[in-house]
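Below is one structure, written out as structure tokens, with a few remarks after it.
All heavy atoms count here, side chains included; hydrogens, waters and symmetry mates do not.
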Amino acid sequence: MYKPIFHIDVNSAYLSWEAAYQLENGSSIDLRTIPSVIGGNEKSRHGIVLAKSIPAKKYNIQTGETLFSARSKCPNLVVIPPRYNLYMKCSKAMVDLLTAYSPTIQRYSIDEVFIDCSGALINNTPINLALEIKDRIKEELGFTVNIGISTNKLLAKMASEFEKPDKVHTLFPDEIPTKMWPLPIKDLFMVGSSTKRKLQSKGIMTIGELARCDSSYVYSWLKSHGTLIWNYANGIENSPVRNEQLPMKGLGNSTTLPFDITDARTAHIVLLSLIETVSIRLRVANKCAQVISISLKNNEFISYSHQRKLHTPTDSTNIFYEQAKTLFNECWKGEPLRHLGVHYSHLCSNDFFQLSMFQKQAENQRMLDKTIDNLRIKYGNKSIIRSCFLESGLNPLMGGVLDEEDYPMMSSLL
DNA sequence: TCTGGGGTCCTAGGACCC
DNA sequence: TCTGGGGTCCTAGGACCC
């Protein structure tokens with residue numbers, strides 16, 4: 001007896017959720033039935049398509065393309081700004097509904113879930129169970145999903161990508177030759193544009209052609225990633241559906257600025273703003289980090305980064321800030337910058353650090369960080385800001401997770 | 001009014017050690 | 001003098017996902 005695995009994928013998630021919300025609040029238009037997209041703010045240079053309706057897709061509008069380009073394909077396109085708080089609530093509502101069916105639920109992203117339905121199939125077939133779940137989500141929550149059914153997560157996920165929306169599909173191992181092998185190579189999970197190009201240069205155009213290759217050849221071209229996708233092409237995958245989330249490996253925030261930065265002083269302030277946000281997240285997670293990395297993107301869209309391992313792990317905003325300034329000064333080539341990012345890695349628990357702390361100055365610094373965190377939690381993020389932001393016109397906490405007015409980062413709240 | 005932001009994992013090359 | 005080689009750590013960059 002196999003374990004039935006479902007992959008549940010919200011159709012055009014952001015757009016569906018917005019549409020359902022608007023209908024619930026008295027709108028007479030269903031955004032899913034007209035050419036519409038969820039898109040960022042073009043004035044602040046965030047103007048890309050985040051999600052599209054099926055009618056918008058008929059104009060060949062792609063996720064990730066600029067709103068400028070999307071509008072040139074469809075002049076009447078309706079553009080709605082994103083509201084991540086709404087998405088978070090919708091995602092949670094779906095997971096809550098699913099917990100009735102299985103204790104084994106893996107949240108893969110804000111709009112995708114794997115469930116192991118082993119225990120839920122008494123007197124029911126997998127297909128009927130999937131249809132029931134799909135229809136309950138539609139009736140009770142107001143949005144549609146695709147459900148893919150198979151014996152492992154890879155095949156279930158591939159199945160949920162078949163015809164959309166509001167559909168249940170199976171992709172059992174014996175269906176691989178007919179349902180999966182004829183598909184173009186780019187449809188295989190983990191085959192992106194770079195791998196697609198390399199495979200096509202070897203004459204491999206379909207998933208079936210990859211599956212029938214000698215795996216040692218694929219390894220020689222693509223190393224471990226080649227082995228991974230060769231296995232996927234043959235339906236081989238056996239990772240468990242896991243309830244608990246894996247420990248965080250790193251965290252960061254980055255932002256595209258509304259204007260190009262041309263001086264180090266402004267860059268430092270932006271870095272500080274990002275560091276405030278990332279550091280709060282780090283402390284909320286009771287972690288310290290030992291590696292700080294900054295990333296830069298210039299006005300020609302060329303990105304580069306610079307990182308440093310610290311002698312000791314820390315969670316101090318000021319220590320990170322001093323490091324970030326140094327890193328920036330070491331690597332900035334002086335050209336106009338449109339984007340800056342901060343990332344921490346090599347995380348460890350802050351328990352040990354707290355016990356081993358002997359420097360009075362560091363202790364004072366930690367007390368200050370904690371006091372500021374508490375003030376912001378109690379009175380709001382704007383209740384206490386650094387004076388350098390006062391006349392800067394810059395947001396003192398960029399990449400904001402805690403401020404309702406800002407777009408919160410998604411995965412940290414999942 | 002032109003191109004987001006959050007992650008994970010892997011590899012290459014250099015430094016350094018024995 | 002003619003130049004090994006395995007191992008680990010570190011950094012930078014790239015690939016993939018949503």
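Between S109(A) and the phosphate of dC17(C), there is no side-chain N or O to OP1/OP2 separation shorter than 4.0 Å. Within the structure, every side-chain polar atom (N or O) of H306(A) is placed at least 4.0 Å from both OP1 and OP2 of dT11(C). Phosphate contact (OP1/OP2 of dA12(B), side-chain N/O of K223(A), threshold under 4.0 Å): present. Regarding contacts with the backbone of dG5(B), a side-chain N or O of T255(A) is found under 4.0 angstrom from either OP1 or OP2. Under 4.0 angstrom from either OP1 or OP2 of dG5(B) there lies at least one side-chain N or O belonging to H339(A). An OP1 or OP2 oxygen of dT3(B) is reached within less than 4.0 angstrom by a side-chain nitrogen or oxygen of R338(A). The side chain of S293(A) places no N or O atom within less than 4.0 Å of a non-bridging phosphate oxygen (OP1 or OP2) of dA12(C). Distances shorter than 4.0 Å separate some side-chain N or O of K249(A) from OP1 or OP2 on dC9(B).
P55(A) places a side-chain heavy atom less than 4.5 Å from the side chain of P35(A).
Across all strands, L251(A) comes closer than 4.0 Å only to sugar-phosphate atoms, never to a base (heavy-atom distances). Using a 4.0 Å heavy-atom distance criterion, V191(A) is classed as a sugar-phosphate-only contact.
Which of dA12(C), dC2(B), dG5(B) sits closest to the side chain of F68(A) comes down to dC2(B). Looking at the side chain of Q307(A), the nearest of the listed nucleotides dG6(B), dT3(B), dT11(C) is dT11(C). Nearest nucleotide to the K309(A) side chain, out of dC2(B), dC9(C), dG4(B): dC9(C).
Nucleotide dC18(B) is matched to dG5(C) when pairs are restricted to Watson-Crick or G-U wobble geometry with both distances under 3.5 angstrom.
With hydrogens and angles left out, the side-chain atoms of S91(A) and R107(A) include a donor and acceptor closer than 3.5 Å. Side-chain contact annotation: K52(A) with Q62(A), donor-acceptor N/O pair under 3.5 Å absent.
With respect to the salt-bridge test (charged N to carboxylate O, under 4.0 angstrom), the residues R283(A) and D315(A) do not qualify. Between K325(A) and E322(A) there is a salt bridge, since at least one side-chain N of the basic residue sits less than 4.0 Å from a carboxylate O of the acidic one. Between R265(A) and D263(A), none of the side-chain N atoms (NZ, or NE/NH1/NH2) sits under 4.0 Å from a carboxylate O, so this pair counts as no salt bridge. We find that E300(A) and K297(A) are not joined by a salt bridge, their nearest charged nitrogen and carboxylate oxygen being 4.0 Å or further apart. With respect to the salt-bridge test (charged N to carboxylate O, under 4.0 angstrom), the residues R242(A) and E244(A) qualify.
Separating the CD atom of E112(A) from the C1' atom of dT8(B) is a distance of 15 Å, rounded to the nearest angstrom. The separation between N253(A) atom CG and dG4(B) atom C1' is 13 Å, rounded to whole Å. Rounded to whole Å, the distance from CH2 on W17(A) to P on dC18(C) is 14 Å. Rounding to whole angstrom units, NE2 of residue H225(A) and P of dT8(B) are separated by 17 Å. The interatomic distance linking L257(A) (CG) with dG4(B) (P) rounds to 12 Å, in whole Å. What separates NZ of K333(A) from C1' of dA12(C) is a distance of 11 Å, to the nearest Å. One interatomic measurement links the two molecules: CD of E65(A) to C1' of dT1(B), which rounds to 15 Å at whole-angstrom precision. The OH atom of Y87(A) sits 15 Å away from the C1' atom of dG6(B) (whole-angstrom rounding).
Within residues 193-211 of chain A, the residues that place at least one heavy atom under 4.0 Å from DNA chain C are, in residue-number order, S193(A), S194(A), T195(A).
For the C1' atom pair drawn from dC16(B) and dC2(C), the interatomic distance equals 24 Å after rounding to whole Å. Taking atom P in both dT1(B) and dC17(C), one finds a spacing of 35 Å when rounded to whole Å.
Between G64(A) and P247(A), the residue whose closest nucleotide on DNA chain B is further toward the 5' end is G64(A). Remark on DNA chain B: of its neighbouring residues S224(A) and G47(A), the 5'-side contact belongs to G47(A), judged by nearest-heavy-atom nucleotide.
Both tests hold for R212(A) against W181(A): distance to the six-membered ring centre under 6.0 Å, angle to the ring axis within 45°.
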